[in-house]
2 protein chains.
Amino acid sequence: MAKTTTPNHAGAARQRGVTMNDVAKRAGVSRTAVSFVLSNRENASISEETRTRINEAVQALGYRPNAGARALASQRSDWYGIVTEIVTAPFAVDIIKGAQDQAWLDRKFLLIAPSDQADAVGPNQGLEDAATEKLLEQRVEGLLYAATFHRGVHVPETAKEVPTVLINCFDADGKLPSIVPDERAGGRTAVERLLRAGHRRIGVINLDPVIPAAIGRLEGAREALADAGLELDPELVVPGYATADGGYEAACRILDRYPQEDRPTALFCLNDRMAMGAYDAIKERGLTIPGDIAVIGFDNQELIAAYLRPKLTTVALPFEKMGALGVQTLAALTAGQPIIADQQLVGCPLLERSSV
Amino acid sequence: MAKTTTPNHAGAARQRGVTMNDVAKRAGVSRTAVSFVLSNRENASISEETRTRINEAVQALGYRPNAGARALASQRSDWYGIVTEIVTAPFAVDIIKGAQDQAWLDRKFLLIAPSDQADAVGPNQGLEDAATEKLLEQRVEGLLYAATFHRGVHVPETAKEVPTVLINCFDADGKLPSIVPDERAGGRTAVERLLRAGHRRIGVINLDPVIPAAIGRLEGAREALADAGLELDPELVVPGYATADGGYEAACRILDRYPQEDRPTALFCLNDRMAMGAYDAIKERGLTIPGDIAVIGFDNQELIAAYLRPKLTTVALPFEKMGALGVQTLAALTAGQPIIADQQLVGCPLLERSSV
DNA sequence: GCCAGTAGGTAACGCGCGTTACTTGCGCAT
DNA sequence: ATGCGCAAGTAACGCGCGTTACCTACTGGC
């Protein structure tokens, strides 16, 4: 039996990688000692001298722990998974940033799985299942679901094997904890800002009235007006498609409907894209912003709000903070701690620019 | 010694997960047989009957393979890693989408690591190193580096232990393969479009002249003009900051400098943000787009280009395609295949809208 | 009646590491 | 001299799985 004893694809360029055994051998100690040093075990007793010898060996060999093996042995992966449509509809990409930053701080790794891979044609649900499945195969310790816009969603059944938190959406049928923007407070903030600038007659360019964003923001607007002893005039609330064109048309309707003295002096646009269209309508009529008409938006879509002329004052959706809070909640959940509430609301800060 | 023999955090909710052994036991076969069935080994001989019995057991128990253990045993992780600043500067997020889609098709998983974590304060380089290190600990089979804008970069030394491909950037000092947009051809495309519409006198709103995007796009513009027997008038090339304001100012300068009959009839803005500002300058002067002045942009920043009024005709940066090509190149590299070229150029398609 | 060949499996090793139980040497009080 | 306690380690098991080498019918050809 004169077989060569190199079962591993030995000739190839891929070197086997240095293991703990190599380090141990070089330092003249047992592998266990190396493991103790590398994982900083308090109680285990290793002399300062061998400790440094081991560390030197690690340096010299360029040893790098194998995360997979570590996960296998320790029964914990240090991974969270996030399944999201954001990768393909990047509007709310800051959620990922916030989540990732927070995960990094916690020494966790965030696995990002897209929820709408065109792997197989079919109803979207199946594809989310595939993404979830893939993440569970990686033995993630917790799952995050993130949506591009605030709405109710259905989460695959399999997800419930592991702690799960929803971000910018909520569980339409179950009891999963979620993190969503405080739309109502945001709407209030926007209108209060306009009132503070002296406006009494405020037009509202509304979104599709059934979505949570529209419901909440409008409710907040109503509250702010009520606090000032005013009522929201239903005639001044006009709906539009959530686009620049939609905003343009809605603004035209609202501006052309009244004689100058009855015309609203401010417009609350329920998102920045519509505000962008409203700008055009206002400028077309020879009116100035904010001199003749003040405009306030919502969402803080940087690419629009910061580049419009004049720059758009708007209420920001706290994507990054929601992402971070999602990871924090997940950490609490996996640690077995009770969570604060089923649904956590995150405030929407006002961003002052130049349109009010 | 009446110790309880449950070393695992047994009381907790976290069940141990069903393993291959469980499946084997339930199907009344050896674990090896299960492994053979699950990995679809061609040569191994398993009767059709036991095969279905095993599959039934898998279903019944809800068995899910442990990716980490599989990676450990098979010495291949099926992971690629991508290091990128895109997560925090989402302009080019489509690179991730393209890469991820392609990875998914290849049954690979893409680990996304942000390159600018504020983990420790210090020069950016160190942080990229940390991200790279973390990915290598996961034993990724290949590395991708993606930048938000086309430029030269320095890649951490450690990255070179594994096949590496750069996307939307290139190795400033070494020989790593890269995927970048064909800026020159894109510039040519833009100007050819304007020429085709009959324009002879074309103003160019330039970026910082030293960056690859500016150099390439301008060179392409020059070529297109030369093909038509024209020369690029240096006076008509005005630089500006890469913002809406910068575009506004540059457009003002260019529009106010000439009497009407000498005024350029078209503006080639080297990015869409500047085009956005140019729109304002044009409209302010009572001119129409594209009637009096045609405008063409570059980058195809959806949020701007598709929402400007009129919608902006522009040349798109092929982010998604570059991401996909990056993964394909990586696949070739890890398979030991030779790659096509050190630097692959990807074409920039024209997106016709309404501003020309 | 015997051997070769094949279908249908199984035992056992190793991947790299965490962890527990155990061993060894040594100083010190009795 | 003996026993005790502690510092400083080490041997060995198991995590879940891929893989190789082997084993046991059973069939067919001569």
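All values below were derived from every heavy atom in this structure, side-chain atoms included, with hydrogens, water molecules and symmetry-related copies excluded. Below, chains carry the letters A, B, ... as their sequence lines are ordered, and counting in each starts from 1.
Note: CG (B:L72) to C1' (D:dT19) measures 13 Å, nearest angstrom. Distance A:N21 CG to C:dC15 P: 9 Å, rounded to the nearest Å. Summarising the geometry, the separation between CZ on A:R139 and P on D:dG16 is reported as 8 Å, rounded to the nearest angstrom. In this structure, A:R41 places its CZ atom 16 Å from P of D:dA8, rounding to the nearest Å. As rounded to whole Å, 16 Å separates atom P of D:dC17 from atom CD of B:Q75. Atom pair B:D78:CG and D:dC17:P shows a separation of 15 Å (rounding to whole Å applied). As a whole-Å value, the separation of A:E137 CD from D:dG16 C1' is 13 Å.
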Generate the contact string for nucleotides 6-13 of chain C. Rules: B means base contact, S means sugar-phosphate contact only, - means no protein heavy atom under 4.0 Å. --BBBBB-
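An OP1 or OP2 oxygen of D:dG18 is reached within less than 4.0 angstrom by a side-chain nitrogen or oxygen of B:R70.
If you take CG on A:D106 and CG on A:L330, they are separated by 10.0 Å, rounding to the nearest 0.5 Å.
Relative orientation of the B:W79 and A:W79 rings is perpendicular, given thresholds of 30° and 60° on the angle between their planes.
A donor-acceptor pair is defined here as one N or O able to donate and one able to accept, closer than 3.5 Å; no such pair exists between the side chain of A:R107 and the backbone of A:W104.
For NZ of B:K108, the number of neighbouring non-hydrogen atoms (other residues, nucleotides, ligands) closer than 6.0 Å is greater than 12.
Under the 4.0 Å criterion applied to side-chain N and carboxylate O atoms, B:E161 and A:R64 are assigned as salt-bridge partners. Of the charged side-chain nitrogens involved, none lies within less than 4.0 Å of a carboxylate oxygen, so that B:E56 and B:R26 do not count as a salt-bridged pair.
Distance from the side chain of B:S74 is smallest to D:dG18 among D:dG18, D:dC17, C:dT19. Listed candidates were D:dC17, C:dT19, C:dG16. Nearest to the side chain of A:N66 is C:dG16.
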